[in-house]
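Just the heavy atoms: all of them, side chains too, but no hydrogens, waters or symmetry mates, feed the values below.
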Amino acid sequence: MFGYTKVPQAYFDATTAWFANRHAFHLCREWILFTSGVVPALSAVIKALTQPGDKVMVQTPVYNCFFSSIRNNGCETVENPLLYRNGTYSIDFDDLERKAADPKVKLLLLCSPHNPAGRVWTREELQQIGEICLRHEVIVVSDEIHCDLVYPGHTHIPFGSVSDEFLQHSVTCTAPSKTFNLAGIQVANIIAADEEIRRRIDKALNINEVCEINCFAVEALIAAYTEGEEWLEELKVYLYANYSLLLEFFRKHLPQLSVVPLEATYLVWVDCSALGQSAEEIADSLLEKEKLRINEGTMYGAAGEGFIRINIATQRENLLKGLEKIKNLYDV
């Protein structure tokens, strides 16, 4: 029977147990609203917590769908560009404070872990973000879709777990889709501890008609969160070995390109500014001449110019084939 389905208690039990055991994030069942994906979730949250003409802050370069979700809800994007120094990224807290002080800024979309920069924000960084946003009554909307794909030496800290005050003034969006390659199954959760915030989001989910999930989504999430932990740990070892292989390949064959350290996700961010080409030119050349598709950095805002993003979540032989194609064009 593949008709409509009622989401069972087992769905919520699996979700709460997963986040308690893996992330020390202790959720109440009533905080959880389900929907068909993190992008619909973000769109519904923006609709719920802003009015057309309000401003929403993002930390660029950042996941491209942030921009469309803001625009489609009639809001204005405000950028708090990340600082790129010594080959890695950090937060410009002075700029964040200045822009959060604008009374028209209602939300900060926090990408945690960050896509495409690959950063895992520390507790100290999250604390500083939260304090600034509390001072200026800005609600933090934390996209934590990559929270399970964090590598040795780093620990994902859910924004809402840092303090009860942060929990009550934030919304967290999660999904098993990146962790378990289930994006096509269409399921995500919105975590909102504050009752009024949750009521408004629930209304927006209904307005957007993304308030239901299908029977396959329910079973997939339960299976992933109750039976997938051993598989996930093996996956992370494999992905990190892919990343190490990529690092060595670039060191040997493409030393003019700088790979940004990967702390989380399976998306490698590469500084190609030494090539003297735009990100779009690099992407177009690889596609046209080598039949290799990568993401040009400008998909993620102007701060991504000169960068490309490489997905390493594939069999190692496929990764090597792709790297060889880059080498064919740019080997010095």
Side-chain angles (χ1 to χ4, degrees), residues 60-65 81-90 111 113-120 145-146 148-154 177-179 181 183 232-332:
T60 52
V62 76
Y63 181 50
N64 51 299
C65 289
L82 298 176
L83 298 171
Y84 181 58
R85 294 173 178 166
N86 301 318
T88 191
Y89 285 90
S90 60
C111 198
H114 193 279
N115 170 19
R119 276 295 319 277
V120 176
I145 197 169
H146 287 103
D148 296 311
L149 296 168
V150 173
Y151 299 118
H154 305 280
S177 54
K178 303 303 181 188
T179 308
N181 197 23
L232 172 60
E233 291 307 317
E234 293 177 1
L235 171 72
K236 287 166 60 178
V237 171
Y238 192 92
L239 289 176
Y240 199 76
N242 274 3
Y243 168 60
S244 298
L245 182 150
L246 179 145
L247 280 179
E248 179 59 22
F249 189 96
F250 272 72
R251 185 194 65 77
K252 185 175 180 180
H253 300 291
L254 299 160
Q256 74 276 38
L257 307 184
S258 176
V259 178
V260 175
L262 187 67
E263 300 174 0
T265 85
Y266 46 75
L267 303 162
V268 178
W269 192 237
V270 182
D271 183 352
C272 301
S273 54
L275 297 178
Q277 293 181 293
S278 71
E280 185 177 4
E281 287 170 335
I282 295 169
D284 288 347
S285 294
L286 285 169
L287 185 59
E288 178 185 347
K289 297 176 183 177
E290 296 292 334
K291 302 297 185 285
L292 177 69
R293 186 181 296 277
I294 51 85
N295 297 121
E296 64 267 27
T298 44
M299 284 181 63
Y300 313 103
E305 183 56 89
F307 289 81
I308 63 171
R309 194 186 76 164
I310 301 173
N311 186 331
I312 63 168
T314 185
Q315 291 90 346
R316 201 152 294 141
E317 62 186 86
N318 290 339
L319 176 60
L320 278 168
K321 288 177 184 176
L323 293 175
E324 286 289 344
K325 288 175 180 291
I326 301 174
K327 175 176 174 286
N328 288 344
L329 274 189
Y330 298 115
D331 189 1
V332 294

Flag, side chain of [X] to backbone of [Y], donor-acceptor distance under 3.5 Å:
X	Y	result
K327	H253	no
E281	S278	yes
Y266	L239	no
H114	P61	yes
K236	Y151	no

So do [Y] and [X] actually touch side chain to side chain, heavy atoms under 4.5 Å?
X	Y	value
V268	V259	yes
Q256	L254	yes
P113	L149	no
L286	R293	no
E324	F249	yes
Y89	L83	no
L257	D271	no
P81	T60	yes

Query raised in the report: Strictly under 6.0 Å, is that where the ring centroids of Y84 and W269 end up?
Result: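 For Y84 and W269, the ring centres are not under 6.0 Å apart.
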Quick one: [atom1] on [X] to [atom2] on [Y], what's the gap to the nearest 0.5 Å?
X	Y	atom1	atom2	result
E280	T298	CD	OG1	6.0 Å
M299	N64	CE	CG	4.0 Å
H154	R119	NE2	CZ	8.0 Å
R316	L323	CZ	CG	11.5 Å
I294	C272	CD1	SG	7.5 Å
L319	N242	CG	CG	5.0 Å

Give the minimum heavy-atom separation between [X] and [Y], together with the two atoms involved.
X	Y	value
A279	G304	CB-O, 4.3 Å
E296	A283	OE1-CB, 3.7 Å
V260	A117	CG1-O, 3.7 Å
N311	A313	OD1-N, 2.8 Å
A264	L262	O-CD1, 3.0 Å

**Report entry** Verdict with reasoning, V270 to F250, per side-chain contact (heavy atoms from CB on, under 4.5 Å)
**Finding:** CA-CA 10 Å; V270 182; F250 272 72; 3.8 Å; yes
Requested in this report: Let me see the working for D148 and L232 under side-chain contact (heavy atoms from CB on, under 4.5 Å), right down to the final yes or no.
Outcome: CA-CA 8 Å; D148 296 311; L232 172 60; 3.9 Å; yes
Query raised in the report: Are Q277 and Y330 close enough that a side-chain donor and a side-chain acceptor fall under 3.5 Å?
Result: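 Yes, because at least one side-chain N or O of Q277 sits under 3.5 Å from a partner of the opposite role on Y330.
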Query raised in the report: Hey, are E248 and R251 close enough for a salt bridge, meaning a charged N less than 4.0 Å from a carboxylate O?
Result: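 So E248 pairs with R251 through a salt bridge.
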Query raised in the report: Under 6.0 Å from the CG atom of N181, do we count more than 12 heavy atoms belonging to anything else shown?
Result: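 Count not over threshold, so no.
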Report task. Kindly confirm or rule out a cation-pi arrangement of R309 over Y300, judged by NZ or CZ under 6.0 Å from the six-membered ring centre and within 45° of its axis? Result ->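 Pair R309/Y300 does not count as cation-pi.
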**Report entry** Stepwise side-chain contact (heavy atoms from CB on, under 4.5 Å) check, L329 with S285
**Finding:** CA-CA 8 Å; L329 274 189; S285 294; 4.0 Å; yes
Requested in this report: Please name the residue in the list T265, T179, V120 that meets the side chain to side chain contact (heavy atoms under 4.5 Å, CB included) test with H146.
Outcome: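 Only match with H146 under side chain to side chain contact (heavy atoms under 4.5 Å, CB included): T265.
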